Amino acid sequence: MQKICIVFDRLRTEEKLLQKNAEELGYETSMVDAKITSFDTDSKPENFEFGDVVLERCVSYYRGLHFTACLEFMDIPVINRFDVANTCGNKMITSMLLKKNNIPTPKTYFSFSAETALDNFEKVGYPLVIKPIIGSWGRSVMPVKDKDTAEAVIENRQVTDGPQDRIYYLQEMIDRPPRDIRVITVGDQAISAMYRKSSGGFKTNIALGADPELCEITKEMEDLCEKTSKAVGGGILGIDLMEDKEKGLVVHEVNNTVEFKGLVKVSKKNIPKEMIDYAIHNIK
Amino acid sequence: MNCPECDANMNIPEDAAVGEIVSCGDCGADYEISKKEGSNIELKEAETVGEDWGE
């Protein structure tokens with residue numbers, strides 16, 4: 001019988017559901033806290049309790065990414081793979097990959113200094129949405145509607161001056177209903193989807209209080225999500241779609257460590273079970 | 001057990017597991033369960049939300 005390991009840094013409902021479902025399916029399951037685990041260049045799989053396959057579920061992106069690198073260094077299968085996590089964790093890389101694979105995605109502008117970012121705002125025109133290239137839960141995602149706001153946002157970036165702050169990611173504002181669609185894909189297949197409705201503001205993140213509502217998966221969504229999943233390297237993903245009033249569905253984000261505690265309550269499919277099944281059947 | 005911050009009584013669910021976050025109902029402080037052996041529970045201060053946290 002295969003052994004499955006769930007790596008976490010904060011034990012949330014999702015990780016507990018994965019553990020419960022793995023155990024109910026009869027798999028030996030270990031839970032490993034990334035915060036208290038160390039490796040070295042001589043580390044071997046037999047020194048750890050990682051079993052045959054690992055589901056990397058850290059809430060900290062960088063911690064999960066580098067932990068995944070350590071697992072792959074020891075040739076331990078991990079979902080998602082390092083390359084997938086690296087791509088999906090960076091909005092700029094994701095946008096380019098989507099476009100390169102002919103997946104409809106909002107037009108996005110990249111610049112690498114405050115001056116050229118301001119030039120971009122002026123050249124393209126308002127409104128535009130500015131996003132940090134790495135980050136989640138809608139943090140620092142802002143609609144910029146005029147020059148004064150653009151200057152204020154950029155000035156703030158210069159004050160905080162983190163390494164990512166020097167990369168400016170500006171995206172066209174999509175004319176859409178006040179909601180987006182989150183689709184969970186497992187092995188390139190869309191298994192469940194929900195509408196995330198804005199609770200009054202611009203953002204639709206569940207973490208910020210958006211209301212989840214079950215969304216029927218159409219053939220168009222299924223095909224688009226399959227193509228998107230393949231483009232970023234597959235695995236278990238949360239694909240975010242917007243309904244552009246002219247262009248139809250556009251993919252604007254792909255999430256690497258998808259949260260599902262809201263969707264699991266209304267989903268027709270058992271999401272954690274699908275994830276465990278996929279992990280077990282993808283042990284190489 | 002009592003909250004290390006404000007000493008209020010904390011109700012920790014019996015099925016709470018190591019790695020889980022529990023909050024004090026009185027002062028709102030968050031703790032991570034670092035050890036659990038039967039009713040013997042140890043807490044440590046929970047990490048604050050980082051810039052790279054999320055999905």
Side-chain angles (χ1 to χ4, degrees), chain A residues 6-16 19-20 31-36 57-66 80 85 88-91 132-141 160 162-165 182 184 205-208 236-240 253-261, chain B:
Chain A
I6 294 152
V7 168
F8 66 94
D9 57 0
R10 178 170 272 223
L11 196 67
R12 300 165 294 177
T13 305
E14 284 88 347
E15 287 72 47
K16 290 170 85 174
Q19 180 186 23
K20 180 172 170 276
M31 304 295 286
V32 171
D33 185 344
K35 302 192 299 303
I36 54 170
R57 294 282 319 166
C58 289
V59 71
S60 158
Y61 167 63
Y62 283 113
R63 182 182 282 143
L65 181 71
H66 290 82
N80 289 328
C88 297
N90 186 312
K91 291 183 181 68
I133 55 162
I134 290 169
S136 203
W137 298 339
R139 263 190 312 265
S140 301
V141 173
T160 50
Q164 319 291 344
D165 287 335
R182 159 63 58 85
I184 293 181
N205 302 78
I206 293 290
L208 299 176
I236 295 172
L237 302 166
I239 299 175
D240 293 341
E253 204 167 304
V254 186
N255 298 276
N256 176 58
T257 317
V258 61
E259 293 165 356
F260 53 84
K261 70 168 178 277
Chain B
M1 74 180 300
N2 288 1
C3 172
E5 183 70 30
C6 73
D7 207 33
N9 183 41
M10 287 180 68
N11 290 317
I12 298 174
E14 272 184 28
D15 63 349
V18 172
E20 208 166 323
I21 304 298
V22 289
S23 301
C24 172
D26 274 24
C27 72
D30 290 332
Y31 300 98
E32 179 179 330
I33 299 175
S34 57
K35 198 172 172 187
K36 193 181 179 209
E37 288 170 357
S39 58
N40 183 23
I41 293 174
E42 286 181 19
L43 301 176
K44 64 179 179 185
E45 203 175 319
E47 286 187 313
T48 50
V49 175
E51 250 184 76
D52 70 332
W53 278 29
E55 300 183 86

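Numbers restart at 1 for each chain; the letters A, B, ... are given by sequence-line order, proteins then strands. Keep in mind that what you see is a predicted model, and the values were worked out from it rather than measured.
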Asker: Test side chain to side chain donor-acceptor pair (under 3.5 Å) on S23(B) and D30(B); report intermediate values, then the result.
Answerer: CA-CA 4 Å; S23(B) 301; D30(B) 290 332; 2.5 Å; yes
Asker: Is chain B contacted by the side chain of R57(A), its backbone, both, or neither, given a heavy-atom distance below 4.5 Å?
Answerer: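 Looking at R57(A), nothing touches chain B.
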Asker: Specify which of V49(B), I21(B), V18(B) makes the most heavy-atom pairs with chain A at under 4.5 Å.
Answerer: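 Winner by heavy-atom pair count: I21(B).
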Asker: Is it the side chain or the backbone of E20(B) that comes within 4.5 Å of chain A heavy atoms, both, or neither?
Answerer: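 Contact with chain A involves both backbone and side-chain atoms of E20(B).
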Asker: Relative to chain B, which segment of F8(A) carries a heavy atom at a distance below 4.5 Å: side chain, backbone, both, or neither?
Answerer: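 Side chain only.
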Asker: Measure across D9(A) and V59(A) and return the closest heavy-atom pair with its distance rounded to 0.1 Å.
Answerer: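 That closest heavy-atom pairing would be OD1-N, 2.7 Å.
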Asker: So which of M31(A), K35(A), R12(A) has the largest heavy-atom pair count under 4.5 angstrom toward chain B?
Answerer: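 The residue among M31(A), K35(A), R12(A) with the greatest pair count is K35(A).
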Asker: Answer with side chain, backbone, both or neither: which region of D33(A) has an atom nearer than 4.5 Å to a non-hydrogen atom of chain B?
Answerer: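 Just the side chain, heavy atoms under 4.5 Å.
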Asker: Taking the side chain as every heavy atom from C-beta outward, state whether E47(B) and R63(A) have any atom pair closer than 4.5 Å.
Answerer: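 The answer is yes; the side chains approach within 4.5 Å.
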Asker: Go through it in stages, so that I can follow the logic: the residues are T13(A) and K16(A), the test is side-chain contact (heavy atoms from CB on, under 4.5 Å), and I'd like the CA-CA distance, side-chain angles, deciding distance and then a yes or no.
Answerer: CA-CA 5 Å; T13(A) 305; K16(A) 290 170 85 174; 5.8 Å; no
Asker: Is R182(A) salt-bridged to E55(B), cutoff N-O under 4.0 Å?
Answerer: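 So R182(A) pairs with E55(B) through a salt bridge.
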